[in-house]
Colleague: 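Below are the structure tokens for one structure; questions will follow.
Not measured: the values here are computed from a predicted model.
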Amino acid sequence: MMTTRENWKKYEKTYFMPPTPCYDWVKKDCVDKAPIWCSVDLRDGNQALIEPMSLDEKLEFFQLLVDVGFKVIEVGFPAASETEYQFIRALIEQNMIPDDVTIQVLTQAREHIIKRTFEAVQGAPHAIIHVYNSTSVAQREQVFKKSKEEIKQIAVDGAKLLKKLAKETTGNFTFEYSPESFQGTEVDYALEVCNAVLDIWEPTSDNKAIINLPTTVENAMPHVFASQVEYFNKYLLHRENVLLSLHPHNDRGSGISDAELGILAGADRIEGTLFGNGERTGNVDIITLAMNMFSQGVDPELDFSNMSDICEVYERVTRMHVSPRQPYAGELVFTAFSGSHQDAIAKGMAWREDRQCDKWNVPYLPIDPQDGRRYDSDVIRINSQSGKGGVNYILKQSFGISLPEKMKEEVGYLVKDVSDKAHKELTPDWVYHIFEDNYITAKTIFTVDECHFKQENGMVADAVIHHNGNDRRIVGVGNGRLDAVSNAIKHYFDVDYQLAFYEEHSLTKGSSSRAVAYVGIIYNKKKYWGVGIDADIIKASIEALVVAVNKLSEIVDGGKDERLLEITNYIYANYKNVTLEDLSEKFFLSKPYLSKYIKEKSGMT
């Protein structure tokens with residue numbers, strides 16, 4: 001019996017090398033032309049989601065793929081669900097397929113599924129019918145319990161039915177076949193099955209067929225797959241009338257290499273997804289493939305220049321997340337943490353600007369971040385040329401401060417102004433002190449040192465305000481704690497601002513128990529921001545509000561006189577049922593005098 005340490009002994013290689021050596025691909029050093037791209041996000045990607053996309057989400061994602069530039073889009077497995085079927089019908093019946101875009105649908109090599117597939121694509125201007133059956137040793141022996149001949153016959157029968165139904169169905173159709181689990185199949189046998197299918201379809205130069213080689217479960221190093229692809233490229237029948245396609249998965253983390261070496265070995269076409277979404281470890285990431293070509297001066301024929309918008313749509317409709325380290329797209333992929341790297345980047349950018357270079361070769365940056373619209377949010381060297389994203393990054397990375405989107409621009413300009421006047425690069429500590437002085441400790445006019453709350457037909461705040469050297473009690477009522485305190489401050493200073501913005505998060509640097517609150521107010525159409533940090537989020541929120549209100553010049557000479565404050569506090573605390581008689585009794589004043597006093601001093605009646 002094996003020990004846990006010896007569990008590796010139960011594994012062995014499950015791939016097959018070609019029967020003849022195929023290493024011509026190794027003589028090439030780069031991909032010099034974009035392949036035909038086929039997005040399978042709406043099928044392979046969608047089926048791997050915990051919550052598959054709705055019809056509306058699929059329509060939005062389809063439009064995103066069209067905008068990026070995909071000319072072939074696999075739109076689903078119409079026999080798999082009613083949503084898949086209706087999505088395809090919607091695309092066709094609502095004329096949503098651009099003239100230069102071909103849709104692709106997937107079907108198993110089973111009669112009733114193939115028939116349902118043709119029903120779904122009835123009337124399509126151009127559709128690829130992608131049929132497959134599994135050919136691997138494991139699937140033949142364990143799942144289907146069929147011989148090689150029987151498995152090949154499944155493929156042949158499927159090919160015949162496609163050809164027959166295509167003649168009987170309105171539309172323009174191209175055929176594609178995949179020997180599923182190709183890497184676990186004897187290469188010469190996989191070729192035999194594919195050639196048998198091609199003999200049925202008899203492709204021509206005007207109506208080419210597609211043979212697709214999937215690494216359904218990646219089980220070999222990339223050079224093995226390249227050799228398998230080259231074998232097909234050399235010995236596939238009707239080769240001049242066949243598009244050799246690849247469908248890499250990423251089980252061993254080599255999906256990109258499989259695709260790139262496969263193209264060197266003769267592949268014409270790649271099927272994949274955005275960000276590598278797909279079952280298990282995912283499909284090959286077409287963004288990385290395309291941008292790898294882009295970074296070497298090859299037109300990928302896809303447009304990923306607006307990466308932020310692509311990420312936003314992808315994350316929203318798939319409910320998946322783009323890793324901060326995702327090549328070309330992640331939030332941190334153009335960020336240098338090392339001081340020497342930052343220095344090299346800055347000098348490289350300066351060198352490029354001085355010489356007005358038209359070719360890109362900046363240290364540590366494989367492409368110009370602006371080509372993915374990532375530059376402003378990723379520059380971390382803070383000086384007078386820095387953007388708001390750079391300032392935010394320093395505060396977030398070094399101090400756990402993640403600025404609200406609406407606050408970033410103001411803070412960025414503030415820091416840039418300091419750098420510009422000092423003619424110096426700002427250290428992270430210097431950036432933080434600028435931020436602290438303007439948004440955390442800026443309480444020059446008043447503070448709120450104590451506050452208690454009670455729920456009584458709304459939230460009632462009973463607070464102590466320190467102003468002009470005196471402590472005074474203020475009372476306010478609101479929808480929540482912060483709103484109640486805000487109303488108390490408004491009442492005290494007789495100022496009417498709008499409590500417009502609020503965000504909070506835990507402080508990730510220093511102490512995980514502390515929280516940060518951001519409050520923005522609007523007064524006379526201008527925004528004022530404050531920030532509070534405390535273990536108690538309510539206290540942090542009040543501190544942030546106090547800083548924001550302290551910035552209003554109108555409160556410098558403000559503040560009610562003590563008697564009026566006491567009276568109006570009582571009114572706010574008992575606003576539901578207070579009467580003039582109650583006030584007269586409480587404050588020992590006549591009702592006529594009290595009414596006149598309140599009206600003259602506060603405008604209240």
Colleague: Measure from the side-chain N and O atoms of Asp268 to the backbone N and O of Leu243, and report whether any donor-acceptor pair falls under 3.5 Å.
Modeller: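 Between the backbone of Leu243 and the side chain of Asp268 there is no qualifying donor-acceptor contact (under 3.5 Å).
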Colleague: Surrounding CE of Met221 (heavy atoms of other residues, nucleotides or ligands, distance under 6.0 Å), is the total greater than 12?
Modeller: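 Not more than 12 within 6.0 Å, no.
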Colleague: Is the backbone N or O of Ile210 less than 3.5 Å from a side-chain atom of Glu176, with the two atoms forming a donor-acceptor pair by type?
Modeller: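 A pair under 3.5 Å: no.
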Colleague: Compare all side-chain heavy atoms of Met53 with those of Phe87 and state whether any distance is below 4.5 angstrom.
Modeller: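 No. Closest side-chain heavy atoms not under 4.5 Å.
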Colleague: At their closest point, which heavy atom of Val229 faces which heavy atom of Ala267, and how far apart are they?
Modeller: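 Scanning both residues completely, I find the closest heavy atoms to be CG1-N, 4.2 Å.
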Colleague: OG of Ser245 to CH2 of Trp37: how many Å apart, nearest 0.5 Å?
Modeller: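 One gets 11.0 Å once the value is rounded to the nearest 0.5 Å.
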Colleague: Measuring from Thr20:OG1 to Asp188:CG, what's the distance to the nearest 0.5 Å?
Modeller: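 Going from OG1 on Thr20 over to CG on Asp188, the span is 9.5 Å.
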Colleague: Rounded to the nearest 0.5 Å, what separates atom CE in Met307 from atom CD in Glu331?
Modeller: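 With rounding to 0.5 Å, CE (Met307) is 14.0 Å from CD (Glu331).
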Colleague: Is there side-chain contact between Val131 and Phe175, with heavy atoms separated by less than 4.5 Å?
Modeller: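 A side-chain contact is absent here, since even the closest heavy-atom pair is not under 4.5 Å.
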Colleague: Using only heavy-atom distances, determine whether the side chains of Tyr518 and His505 contain a donor-acceptor pair under 3.5 Å.
Modeller: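 Side chains of Tyr518 and His505: pair found under 3.5 Å.
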Colleague: Does Met407 reach the side chain of Tyr439, with side-chain heavy atoms less than 4.5 Å apart?
Modeller: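 They are in contact (side-chain heavy atoms under 4.5 Å apart), so the answer is yes.
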Colleague: Going by heavy atoms in the side chains, are Thr117 and Phe77 under 4.5 Å from each other?
Modeller: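 Counting from C-beta outward, Thr117 and Phe77 never come under 4.5 Å.
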Colleague: Do side-chain atoms of Ser419 reach the backbone of Val415 as a donor and acceptor pair under 3.5 angstrom?
Modeller: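 No: the side chain of Ser419 does not pair with the backbone of Val415.
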Colleague: Please report the shortest heavy-atom distance between Pro214 and Phe182, naming the atom on each side.
Modeller: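 Looking at all heavy atoms of both residues, the closest pair is O-CB, 3.2 Å.
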Colleague: Testing His126, Lys208, His130 for side-chain hydrogen bond (donor to acceptor under 3.5 Å, both in side chains) with Thr174, which one passes?
Modeller: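 Exactly one pass, corresponding to His126.
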Colleague: Does Trp529 reach the main-chain N or O of Phe501 with its side chain, forming a donor-acceptor pair under 3.5 Å?
Modeller: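 Here the side-chain-to-backbone pair does not exist.
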Colleague: How long is the span from the OG atom in Ser227 to the OH atom in Tyr15, to the nearest 0.5 Å?
Modeller: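 The OH atom of Tyr15 is 10.0 Å from OG of Ser227, to the nearest 0.5 Å.
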Colleague: Look at atom CG of Asp100 and say whether more than 12 heavy atoms of other residues, nucleotides or ligands are closer to it than 6.0 Å.
Modeller: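 Atom CG in Asp100 is crowded, with more than 12 foreign heavy atoms closer than 6.0 Å.
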Colleague: What is the minimum heavy-atom distance between Pro203 and Ala209, and which atoms define it?
Modeller: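 Between these two residues, the closest heavy atoms are CB-N, 3.7 Å.
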Colleague: For Ile287 and Tyr314, run side-chain contact (heavy atoms from CB on, under 4.5 Å): C-alpha distance rounded to whole Å, both residues' side-chain angles, the deciding distance at 0.1 Å, then the answer.
Modeller: CA-CA 12 Å; Ile287 293 178; Tyr314 170 83; over 6 Å; no
Colleague: Answer yes if the side chains of Asp41 and Ser39 hold a donor-acceptor pair under 3.5 Å, and no otherwise.
Modeller: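 The criterion, which ignores hydrogens and geometry beyond distance, is satisfied for Ser39 and Asp41.
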Colleague: Looking at every non-hydrogen atom in both residues, tell me the closest pair between Gly266 and Leu244 and how far apart they are.
Modeller: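 That would be O-CD2, 4.2 Å.
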Colleague: Donor-acceptor pair, Ser81 side chain versus Glu84 backbone, under 3.5 Å?
Modeller: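 Yes; judged by distance alone, with no hydrogens or angles, the pair exists.
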Colleague: Are any non-hydrogen side-chain atoms of His247 and Ser178 less than 4.5 angstrom apart?
Modeller: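 Side-chain contact under 4.5 Å: no.
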Colleague: Donor-acceptor check, side chain of Arg89 to backbone of Ile92, threshold 3.5 angstrom: yes or no?
Modeller: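 The answer is no, because no donor-acceptor pair under 3.5 Å joins these two groups.
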Colleague: Taking atom types as modelled, is there a side-chain donor on Gln296 or Asn292 under 3.5 Å from an acceptor on the other?
Modeller: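 No - no donor-acceptor pair under 3.5 Å links their side chains.
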Colleague: Backbone N or O of Trp25 within a donor-acceptor pair of the Glu230 side chain at under 3.5 Å?
Modeller: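 Answer holds: yes.
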Colleague: Between Arg43 and Glu271, is there a salt bridge with N-O shorter than 4.0 Å?
Modeller: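 So Glu271 does not pair with Arg43 through a salt bridge.
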Colleague: Taking all non-hydrogen atoms of both residues, which atom of Glu218 and which atom of Gln183 are closest, and how far apart?
Modeller: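 Distance-wise, the nearest heavy atoms are CA-OE1, 3.5 Å.
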Colleague: Which atom pair, heavy atoms only, marks the closest approach of Pro222 to Asp258?
Modeller: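 What the structure gives for the nearest pair is CA-OD1, 3.2 Å.
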Colleague: Not counting sequence neighbours, which residues clear ring-ring contact (aromatic ring centres under 6.0 Å, His included) with Phe16? List them please.
Modeller: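 ring-ring contact (aromatic ring centres under 6.0 Å, His included) check on Phe16 returns nothing, list empty.
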Colleague: Indicate yes or no: at least one non-hydrogen side-chain atom of Leu59 is less than 4.5 angstrom from one of Gln63.
Modeller: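 No, too far: nothing below the 4.5 Å cut-off.
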Colleague: Could you verify whether a donor N or O on one side chain and an acceptor N or O on the other, from Asp303 and Ser305, lie under 3.5 Å apart?
Modeller: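 Yes, because at least one side-chain N or O of Asp303 sits under 3.5 Å from a partner of the opposite role on Ser305.
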Colleague: Can you check side-chain contact (heavy atoms from CB on, under 4.5 Å) on Phe225 and Ser254, steps first, answer last?
Modeller: CA-CA 10 Å; Phe225 184 57; Ser254 304; over 6 Å; no
Colleague: I'd like a table of donor-acceptor pairs (distance under 3.5 Å, sequence neighbours excluded) in which one partner is a side-chain atom from residues 272-280, with atom names and distances.
Modeller:
unit_1: Thr273; atom_1: OG1; unit_2: Asn277; atom_2: N; d: 2.9
unit_1: Thr273; atom_1: OG1; unit_2: Asn277; atom_2: O; d: 2.7
unit_1: Asn277; atom_1: ND2; unit_2: Gly45; atom_2: O; d: 3.1
unit_1: Arg280; atom_1: NE; unit_2: Asp251; atom_2: OD1; d: 2.7
unit_1: Arg280; atom_1: NH2; unit_2: Thr216; atom_2: O; d: 2.5
unit_1: Arg280; atom_1: NH2; unit_2: Asp251; atom_2: OD1; d: 3.3
unit_1: Arg280; atom_1: NH2; unit_2: Asp251; atom_2: OD2; d: 3.1

Colleague: Test Phe399 against Phe435 for side-chain contact (heavy atoms from CB on, under 4.5 Å), laying out the working first.
Modeller: CA-CA 11 Å; Phe399 307 101; Phe435 178 79; over 6 Å; no
Colleague: Hey, are Thr281 and Asn250 close enough side-chain-wise for a donor-acceptor pair under 3.5 Å?
Modeller: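 No, because no side-chain N or O of Asn250 sits under 3.5 Å from a partner of the opposite role on Thr281.
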Colleague: For Leu42 and Ile73, what are the C-alpha separation, side-chain angles and deciding distance, and is it a side-chain contact (heavy atoms from CB on, under 4.5 Å)?
Modeller: CA-CA 8 Å; Leu42 297 172; Ile73 302 173; 4.0 Å; yes
Colleague: Would you call Ile263 and Pro35 a side-chain contact if the rule is heavy atoms closer than 4.5 Å?
Modeller: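 Yes, at least one pair of side-chain atoms sits under 4.5 Å.
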Colleague: Indicate yes or no for a side-chain donor-acceptor contact from Arg239 to the backbone of Phe232 under 3.5 Å, with no hydrogens or angles considered.
Modeller: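 Judged by distance alone, no pair lies under 3.5 Å.
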Colleague: Write out all pairs satisfying salt bridge (charged side-chain N to carboxylate O under 4.0 Å, His left out) with one or both partners inside residues 178-187, taking only residues at least two apart or from two chains.
Modeller: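 Qualifying pairs, neighbours excluded: Arg140-Glu186, Lys148-Glu186.
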Colleague: Within a strict 4.5 Å, meaning less than it, do heavy atoms of the Asp44 and Gln47 side chains meet?
Modeller: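 Sidechains of Gln47 and Asp44: in contact.
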Colleague: Given Val121, which of Leu91, Ile128, Asn172, Val105 fulfils the side chain to side chain contact (heavy atoms under 4.5 Å, CB included) condition?
Modeller: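 Looking at Leu91, Ile128, Asn172, Val105, the match for Val121 under the side chain to side chain contact (heavy atoms under 4.5 Å, CB included) is Val105.
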Colleague: Roughly how far, to the nearest 0.5 Å, is the CE atom of Met17 from the CD atom of Gln228?
Modeller: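 Here the interatomic distance stands at 7.0 Å.
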Colleague: Take Glu301 and Lys71 through the salt bridge (Lys or Arg N to Asp or Glu O under 4.0 Å) test and state the conclusion after the steps.
Modeller: CA-CA 10 Å; Glu301 300 177 15; Lys71 303 304 180 185; over 6 Å; no
Colleague: Say you draw a straight line from OH of Tyr432 to CD1 of Ile401; how long is it, rounded to the nearest 0.5 Å?
Modeller: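 Rounded to the nearest 0.5 Å, the OH-CD1 separation comes out at 5.5 Å.
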Colleague: Just checking Lys28: does its NZ atom have more than 12 heavy atoms from other residues, nucleotides or ligands closer to it than 6.0 angstrom?
Modeller: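 More than 12 within 6.0 Å, yes.
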